[in-house]
Amino acid sequence: MAVDILAKIKQEISYQVGQELGIGQDLVYKVIEYPPREEMGDLAIPFPALGKKPQNLEVKSRFVKSHSLSGPFLNLKLDEAQLFKELFSSLDQDYGIERVEKPRRIVVEHTSANPIHPLHIGHLRNSVIGDALVRLSKARGHEVITRFYVNDSGRQVAILIYGLSKLGYPEPPKEAKKDLWAGTVYAMTNIILEIRALTDELKTVQDAEYREKVTKRDELVGLASEIRSRNQEYFDRLAEAIRDDPDPEGKIADIIRKYEAGDPQIKEIVRKYVNYVLDGFRESLSKLNITFDEFDYESDLLWSGEVKSVLRSALSSRARIEHKGTEALDLDKYLDDEVRKELRIPAGLEIPPLVLTRSDGTTLYTVRDIAYTIKKFLTSKADQVINVIAEQQTVPQIQLRAALYLLGYPEMAKNLVHYSYSMVTLPGMTMSGRLGRYVSLDEVYEKVKQAVEEKTKDRGQVNIPEIVNSAIRYALLSVSADKPITFNVGKVTNFEQNSGPYLQYTYVRAYNILSKFTGEISLDVDYGDLAGEKRRLLLAIAKFPETFKNSADSLEPEVLVSYLRYLADTFNAWYDKERVLQEQDEKKRMTRLNLVKGVEIVMRNGLRVLGISSLTKM
RNA sequence: GGACCCGUGGCUCAGCCAGGACAGAGCGAAGGCCUGCGGAGCCUUAGGUCCCGGGUUCAAAUCCCGGCGGGUCCGCCA
């Protein structure tokens with residue numbers, strides 16, 4: 001079992017200082033920080049934060065080499081020899097991967113794209129973040145279940161099925177990627193329907209509105225001709241069939257209704273095509289080593305009666321109201337300030353009522369999501385459910401928590417986390433799955449792959465997929481989730497310092513030094529050698545357990561990413577200046593080998609929990 | 001109009017939640033470093049009113065209030 005040496009040292013120091021000042025150890029521990037500049041020391045205690053200002057203070061610890069008062073700070077310099085000895089005598093392969101004392105059961109739902117078109121770079125951010133959260137939490141010792149919610153009973157799937165019906169329910173060509181193929185049919189059908197709807201509207205409007213709609217229709221017609229080029233035969237057949245259909249909207253509503261009711265014929269059709277698209281998703285995500293434990297179909301919740309039961313409970317709730325002639329829940333009225341705070345609902349937000357049913361009696365997405373959330377908590381016996389969902393759904397997610405609370409599931413409401421992330425945009429283009437306008441995950445993957453192939457073409461056997469994976473993951477994980485990203489392929493294929501491949505490359509350097517050393521790495525070292533970057537490396541290695549805990553517990557992969565970047569920079573700066581294997585002095589060589597070993601282990605473990613493989617050559 | 005998120009060198013970001021000492025990186029720019037463990041590397045230099053204005057504090061990029069700018073949402077869509 002690896003030990004967090006730095007935590008041990010900080011505890012010892014805070015105990016000492018606490019005794020001297022007559023305050024609690026925990027309080028001191030909490031305020032210990034790292035000075036901004038090296039020459040100040042390795043640790044600092046700001047006295048005002050403790051409400052004390054001692055004249056002089058003795059810190060007696062074998063780990064502390066010296067200390068000095070500087071303004072309001074007590075600066076401590078650690079004894080690198082003691083730290084080194086303690087750290088490397090207990091270093092093992094799992095170093096830094098600190099497990100929690102009380103593991104929890106955590107469900108992470110992520111990606112959950114509509115099964116009607118291929119995954120695009122917006123979903124990619126969701127998948128990569130979700131997967132990193134899964135890996136971080138698992139490494140921390142939690143039991144994690146990964147789930148994908150299949151939205152198979154909405155209007156969008158119905159549109160796809162409607163389009164397919166007009167084509168006589170064709171099979172995708174053998175060589176085609178099935179999600180891509182379905183996405184084309186969906187976008188064609190949708191555009192044709194939208195144009196038709198707009199054309200109908202033109203008959204009843206006039207003047208400014210008329211001109212606006214004409215412009216909009218012209219745009220759609222332009223897009224239509226673009227998408228027609230993907231498959232002219234499909235497009236022309238769809239256009240003709242939909243033109244001849246007296247009531248497409250009725251047919252689509254019919255599909256939704258029959259599917260919700262579990263009509264065996266439509267069930268078989270819908271499931272077949274939805275599963276084709278899911279096959280495509282799995283194929284794309286497997287390239288990034290992303291998998292799921294469960295795929296949960298929205299329709300199963302309808303057929304099993306789980307949605308009905310939620311609806312019944314909602315209809316008998318005291319919060320039930322009539323809203324615009326239909327059934328709804330008033331989520332605003334019955335939650336006091338304290339509850340809102342507990343549920344992380346902004347104080348100033350007027351929560352919109354939750355509409356429960358359409359006038360034809362069918363249920364809406366959020367109602368089904370209530371049922372799904374309950375299912376996630378119950379079937380996995382989860383302590384916490386994390387939904388990785390775009391920021392656009394902030395309000396619906398709030399409605400969800402509020403509704404759970406009101407319907408008698410306050411614990412679930414409190415333990416449901418919306419892990420929000422901001423949009424991914426493309427330079428000079430807005431994406432729209434509805435209109436078939438997007439850059440798919442597969443395209444991004446291929447572009448990055450080409451760049452990697454170009455870069456490695458003279459290097460023999462190299463694990464190209466793992467380099468592509470690291471470049472993509474790093475690009476999406478190094479930016480905090482709540483920042484919007486403009487996805488720039490040029491940047492992702494730049495494998496210089498700020499990149500996943502840079503980290504992998506650093507690992508390769510460390511690994512190769514170790515692989516060329518045939519002896520035994522011992523602790524018979526020269527502590528005097530621990531200066532400059534080597535001392536910095538020692539400190540950095542010592543900080544890894546704390547950084548990992550921080551990153552995992554706060555669900556912030558970017559914290560770990562920045563740390564690994566710093567470690568790599570420090571290692572590379574040293575690597576260029578001094579030799580390890582060629583060092584003549586045996587004890588110095590041994591000092592350095594230990595440090596390289598430390599970097600190797602930390603880099604490998606750190607990358608692993610981000611879903612990035614450490615390669616031994618590249 | 002209301003709510004939420006974002007605003008840090010020319011560009012892209014870290015640091016903000018848990019306030020602390022002259023604000024860190026990368027890209028781009030200028031100039032250097034390959035007889036040595038893999039140059040996807042290293043070393044210099046230039047470049048910053050941390051959006052603005054108040055407030056709290058011994059201490060504010062960080063917390064609070066008010067603005068400004070950008071994004072997102074406010075549907076019997078999901």
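In what follows, chains are A, B, ... by sequence order, proteins preceding strands, each numbered from 1. Keep in mind that what you see is a predicted model, and the values were worked out from it rather than measured.
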> Does any donor atom in the side chain of A:Tyr365 or A:Asn151 lie under 3.5 Å from an acceptor atom in the other side chain?
Replying inline: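 On atom types as modelled, these side chains do not qualify, holding no pair under 3.5 Å.
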Integer-rounded Å distance: [N] [atom2] and [X] [atom1]:
X	N	atom1	atom2	value
A:Ile321	B:rC76	CD1	P	12 Å
A:Leu193	B:rC77	CG	C1'	15 Å
A:Leu354	B:rC77	CG	C1'	14 Å
A:Tyr563	B:rG15	OH	P	17 Å
A:Lys577	B:rG41	NZ	P	17 Å
A:Asp458	B:rG39	CG	C1'	14 Å
A:Asn494	B:rG28	CG	C1'	11 Å
A:Tyr474	B:rA14	OH	P	11 Å

Closest nucleotide among [options] to the [X] side chain:
X	options	answer
A:Val355	B:rC76, B:rA14, B:rA21	B:rC76
A:Lys483	B:rG7, B:rA40, B:rA78	B:rG7
A:Pro346	B:rG15, B:rC4, B:rU12	B:rC4
A:Leu349	B:rC76, B:rA78, B:rA3	B:rA3
A:Tyr502	B:rA21, B:rC76, B:rG41	B:rG41
A:Asn114	B:rC43, B:rA78, B:rC37	B:rA78

Using a 4.0 Å heavy-atom cut-off, does [X] contact any base of the nucleic acid, only the sugar-phosphate backbone, or nothing at all?
X	value
A:Pro484	sugar-phosphate
A:Ala328	nothing
A:Ala44	base
A:Thr456	base
A:Tyr575	base
A:Glu533	nothing
A:Leu581	base
A:Thr394	nothing
A:Ile398	nothing
A:Lys516	sugar-phosphate
A:Glu454	nothing
A:Asp576	base
A:Gly71	nothing
A:Lys30	nothing

>> So for A:Thr357 and B:rC76, does any side-chain atom that can act as donor or acceptor lie under 3.5 Å from a complementary atom in the base?
In response: no
> Within the modelled atom types, does a donor on one side and an acceptor on the other bring the side chain of A:Asn75 and the base of B:rA21 under 3.5 Å apart?
Replying inline: yes
>> Could you check whether A:Phe495 and A:Tyr502 have their ring centres less than 6.0 Å apart?
In response: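 When the ring centroids of A:Tyr502 and A:Phe495 are compared, they turn out to be at least 6.0 Å apart.
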Check the phosphate of [N] against [X], side-chain N and O only, distance under 4.0 Å to OP1 or OP2. Yes or no?
X	N	value
A:Gln497	B:rC42	yes
A:Ser480	B:rG15	yes
A:Arg509	B:rG39	yes
A:Arg368	B:rA78	yes
A:Arg358	B:rC77	yes

Rounding to the closest angstrom, what is the interatomic distance between [N] and [M] at atom [atom1]?
N	M	atom1	result
B:rC27	B:rG19	C1'	31 Å
B:rA3	B:rA40	C1'	45 Å
B:rA14	B:rU57	C1'	26 Å
B:rG66	B:rC58	C1'	26 Å
B:rA46	B:rG26	P	15 Å
B:rA18	B:rC63	C1'	11 Å
B:rA21	B:rG15	P	16 Å
B:rG9	B:rG28	C1'	12 Å

> Does A:Ser551 use its side chain to pair, donor to acceptor, with the backbone of A:Phe548 at less than 3.5 Å?
Replying inline: no
>> With salt bridge (charged side-chain N to carboxylate O under 4.0 Å, His left out) as the criterion, how do A:Glu109 and A:Arg147 come out once you've worked through the C-alpha distance, each side chain's angles and the decisive distance to 0.1 Å?
In response: CA-CA 5 Å; A:Glu109 183 209 321; A:Arg147 312 187 79 122; over 6 Å; no
> Should the pair A:Asp529-A:Lys534 be classified as a salt bridge under the 4.0 Å nitrogen-to-oxygen rule?
Replying inline: yes
> When you check the gap from the basic side-chain N to the acidic O, do A:Arg340 and A:Asp332 get nearer than 4.0 Å?
Replying inline: yes
Provide the Watson-Crick or G-U wobble partner of [N], both distances under 3.5 Å; none if there is no partner.
N	value
B:rG53	B:rC65
B:rC27	B:rG10
B:rC58	B:rG20
B:rA3	B:rU72

> Is there aromatic stacking of A:Tyr505 against B:rG41, centre distance under 5.5 Å, plane angle under 30°?
Replying inline: no
Are more than 12 heavy atoms from other residues, nucleotides or ligands located less than 6.0 Å from atom [atom1] of [X]?
X	atom1	value
A:Glu350	CD	no
A:Asp360	CG	yes
A:Glu39	CD	yes

> With respect to A:Glu453, which candidate in A:Val468, A:Ile464, A:Ile467 satisfies the side-chain contact (heavy atoms from CB on, under 4.5 Å) definition?
Replying inline: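 Of the listed residues A:Val468, A:Ile464, A:Ile467, the side-chain contact (heavy atoms from CB on, under 4.5 Å) partner of A:Glu453 is A:Ile464.
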> Mapping A:Val479 and A:Leu74 to their closest nucleotides on RNA chain B, which lands nearer the 5' end?
Replying inline: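 Here A:Val479 is the residue nearer the 5' end.
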> Quick one: on RNA chain B, does A:His323 or A:Ile45 contact a more 5' nucleotide (nearest heavy atom)?
Replying inline: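 Here A:Ile45 is the residue nearer the 5' end.
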> Where does B:rC34 land, syn or anti, once you apply the within-90°-of-0 test for syn?
Replying inline: syn
